[in-house]
Amino acid sequence: MDTSYQQFLAGKTITVPERGLAEQDLPTLAPHLFGFQKASVAFGLRSGSYGLFLDTGLGKTACELEWCTHAAAASNGRALILTPLAVARQIEAEGLRWGYQARVIRDMGDVADGINVCNYDRLHLLEPAAFGAVALDESSILKAFTGATTRKLISAFAGHRWRMAATATPAPNDHMELGQHAEFLGLMTSHEMLMRWFIADQTSMGTYRLKGHAVEPFWDWMASWSRMAEHPRDLGDDLPNFNLPELQIIRHVVEAETVRRSPGDALFNTVPVSATEIHDIKRQTAERRAQTAGKLAAETPGPWVLWCDTDYEADALWAALEGVDGVAEVRGSMSTERKEQAIAAFGSGAVRILITKPSMCGYGLNWQHCRQMAFVGRSFSYEAWYQAVRRCWRFGQRFVVQVHLIVAEGEDAIGRVIDRKSADHQRMKAAMAAAMRRATGLAPPLRKAYQPIHAGQLPAWLRKAS
C-alpha cells in the first residue's frame, strides 16, 4: 500500500491527543507496582486525563495513589480522590502502608498537600479549584447521564488538566455509559460519541448500538484514552498469581404460597416477567428466603455477607438470625459514622455476619477474608450483582467462593436478564481487550483481507465490442 495513502488513512483515525507529561519527563514509578500497573500509570501521566478500567483486585487503588502523587506534583501539589461510602478509609490505609501522603477529609478545613480522599456525598463541601488533580474511584457513578451527581462532577472539574476515572465496570451492559466517562474526562461529549459510532436500536426504544463498520474504530478510540484489563496478560504481564479461584453459585428455590394480584391470572398462571409482579412475589416470600439464608449463615462457620434488595428483607434476616452473635447491618437510614463502623468491624473480623445491600457496600470494598455470601434479594441490575460478588471473588482470594442464590418460584425473569447482561459484558471486555493488544503493540494492527464473494461478468454489449 502506498505510504501516502497509509498516512491518509491514519489521519482519519479518531484518537485522543496526550496532554500530560512528555515521555522524557515521566517520573520513576514506585517499585511495589507490578509491570502492568506501572504501564497503566505511565499511560495516564502521558494522557493527563484517562480511564483506568482494571477488573476487581488488579490494583486500581495502587494505580490511583501513584498517579495522584505525580499528577499533584505536576499541578498545584494537591490531588483529590472521590470514593463511595467507607472506601475512603480503606484507600487512606493502603496509601499510608505504601508511604503515600494520604488523608481522609470531610471538608475544605481538612485539605492539605498530597492526596485528599473524600466520599462523593461530601462533594458540595469542597472547592474543586483547590485541587490540581482529581480521580473518581468507582467512576461507574457517572452512568446516569441526566443524574444530578453526574452533571455536577462533569461541571465541577471541567477545567482540570489532570483527571482520572477508575472502575472495574465502566459500562457492564450499555456502551452509552462510556460516553459519560469520556465527557467527564473532557475528551468528547456523549452526543458526539453517539453521532460518530452509534445508531438507534429499532428493537429497543431509547437505546443505541454500534454501527457494524464502527466496532473496531470505536474500541481503538477507547484504547487511545483508557487502559482496561480483565487479567494482567491483557496488558502484556502474564502473572500466575492473578488467577481467580473457583466460583460456586448454589441455587436455593424457596417454595411458598403466593397470591397473584395481576388481573387475568386466574385463567393462566404464567411465570411473571414484570418488575411489579416479581416485587410482589418477593415481598410475600421474604420471610422464607431470609430463614434459608439465616440458617446457612448461622450453621456454617466463617464470615458471611447477606445481600438483600429491600429493607423488609433486611428485617426478615434480623428475625431469622435472632440470638446469633456477631451480626451487623449497613442500611441507608443509618448515619455515615454507623455505616463506616459496621463495615470496619466486618473487615476486621469483629463482626461475622453482615447484612447489607449492593447499593450500600457493593462497590470498592476489599473482602478477600470472606468466601461465603447469600443473595436473599436480587434486582435486575447486572452491575450490582457483578460488583457484589466481586467484593469477595477477586484477585487475592485464596479459597473457593460460594454464592448462595435464594429465590422464590417465579423469579426466573431476573436470572434471564442478568445472564443476558453478563453475555453483553463479556463481549464488551473481549472487544476492549483486543483493542488494548493493538494499542500496546501486543497484536498487529487490524488488517482485513479482501474476500471476493461475487464473480463479476462483462455486459453483453461490452463483450461484443471486444
Side-chain angles (χ1 to χ4, degrees), residues 36-37 51-64 83-87 90-91 94 136-141 143 165-174 177 227-234 239 241-250 302-309 330 343 346-347 354 356-405 414-415 418-419 421-430 432-433:
F36 76 96
Q37 295 170 341
L52 183 67
F53 306 141
L54 305 182
D55 216 332
T56 54
L58 287 182
K60 284 189 302 297
T61 300
C63 293
E64 288 175 44
T83 75
L85 173 70
V87 180
Q90 183 175 280
I91 292 178
E94 186 166 342
L136 304 187
D137 186 67
E138 298 301 335
S139 61
S140 56
I141 193 172
K143 63 178 173 283
T167 180
T169 53
N173 49 70
D174 186 356
E177 296 173 13
R227 283 295 174 261
M228 182 176 188
E230 188 174 18
H231 190 281
R233 71 173 67 94
D234 293 336
L239 301 172
N241 292 337
F242 282 88
N243 293 321
L244 287 170
E246 181 185 356
L247 176 69
Q248 297 177 349
I249 298 180
I250 304 166
W304 276 82
V305 183
L306 301 182
W307 299 106
C308 56
D309 192 41
V330 175
I343 292 170
F346 179 70
L354 183 67
T356 189
K357 303 174 186 175
S359 60
M360 292 284 101
C361 297
Y363 298 84
L365 293 164
N366 301 330
W367 287 340
Q368 288 96 326
H369 74 291
C370 176
R371 61 188 182 95
Q372 300 171 119
M373 64 175 67
F375 283 83
V376 178
R378 189 168 66 153
S379 70
F380 283 95
S381 170
Y382 166 72
E383 184 185 11
W385 158 261
Y386 180 86
Q387 288 277 16
V389 170
R390 294 306 289 262
R391 293 312 96 216
C392 303
W393 188 53
R394 54 196 295 117
F395 299 108
Q397 173 63 260
R398 298 182 294 113
F399 302 102
V400 173
V401 174
Q402 291 188 334
V403 177
H404 296 265
L405 183 56
I414 292 180
I418 295 293
D419 290 344
K421 292 180 177 180
S422 176
D424 292 343
H425 190 205
Q426 290 303 317
R427 283 192 291 270
M428 186 207 80
K429 289 198 289 188
M432 191 64 174

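Every value quoted in this text rests on a predicted model; they were computed, and no experiment measured them.
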Correct closest heavy-atom pair for Glu94 and Thr61 would be OE1-CG2, 3.6 Å
Heavy-atom closest pair (Phe242 atom, Gly57 atom, distance to 0.1 Å) is CE2-O, 3.7 Å
Q. Below 4.0 angstrom, N of the basic side chain to O of the carboxylate: do Asp55 and Lys60 qualify?
A. no
For residues 389-403, the side chain to side chain donor-acceptor pair (under 3.5 Å) pairs (sequence neighbours left out) are Thr56-Arg390, Gln248-Gln402, Asn366-Arg394, Tyr386-Arg390, Gln387-Arg391
Residues Val305 and Cys370: closest non-hydrogen pair is CG2-SG, 4.0 Å
- Within the distance-only criterion (no hydrogens, no angle test), does the side chain of Thr356 pair as donor or acceptor with the backbone N or O of Val330 below 3.5 angstrom? yes
Closest non-hydrogen contact found for Pro358 with Cys308 is CD-O, 3.5 Å
Contacts of Phe53 meeting ring-ring contact (aromatic ring centres under 6.0 Å, His included) (sequence neighbours excluded), chain-then-number -> His181
Rounded to the nearest 0.5 Å, the CG atom of Leu306 sits from the CE atom of Met373 at a distance of 10.0 Å
Closest heavy-atom pair, Gln37 versus Cys63, reported as atoms and distance to 0.1 Å, is CB-SG, 3.7 Å
Between His231 and Asn243: side-chain donor-acceptor atoms closer than 3.5 Å
yes
Distance col, row Ile91:CD1 vs Thr83:OG1, nearest 0.5 angstrom, shows 5.0 Å
Per ring pair (Phe, Tyr, Trp, His ring centres under 6.0 Å), His369 is matched among Phe346, Phe399, Trp304 by Phe346
Across all chains, not counting sequence neighbours, the side-chain contact (heavy atoms from CB on, under 4.5 Å) partners of Ile418 are Arg378, Tyr382, Trp385, Ile414
Between the CG atom in Leu354 and the CD1 atom in Ile343, the distance rounded to the nearest 0.5 Å is 7.5 Å
Separation between CZ (Arg371) and CG (Leu247), nearest 0.5 Å, reads 13.0 Å
- Should Leu58 and Phe36 count as side-chain neighbours, where that means a heavy-atom distance under 4.5 Å? yes
Interatomic distance, CZ@Phe395 vs CG@Leu244, rounded to 0.5 Å, equals 4.0 Å
I'd like to know whether Glu64 forms a side-chain contact (heavy atoms from CB on, under 4.5 Å) with Asp137, so could you lay out the CA-CA distance, the side-chain angles of the two residues, the decisive distance to 0.1 Å, and finally the verdict.
CA-CA 8 Å; Glu64 288 175 44; Asp137 186 67; 2.7 Å; yes
Counting C-beta onward and ignoring hydrogens, is there a side-chain heavy-atom pair between Met432 and Lys429 closer than 4.5 Å? no
Separation between CG (Leu365) and CD (Gln90), nearest 0.5 Å, reads 5.5 Å
All heavy atoms of Cys361 vs all of Trp307, minimum pair found to be O-CH2, 3.6 Å
Asp424 with Lys421: basic N within carboxylate O range, under 4.0 Å | no
Check: Glu177/Ser140 side-chain N/O donor and acceptor closer than 3.5 Å:
no
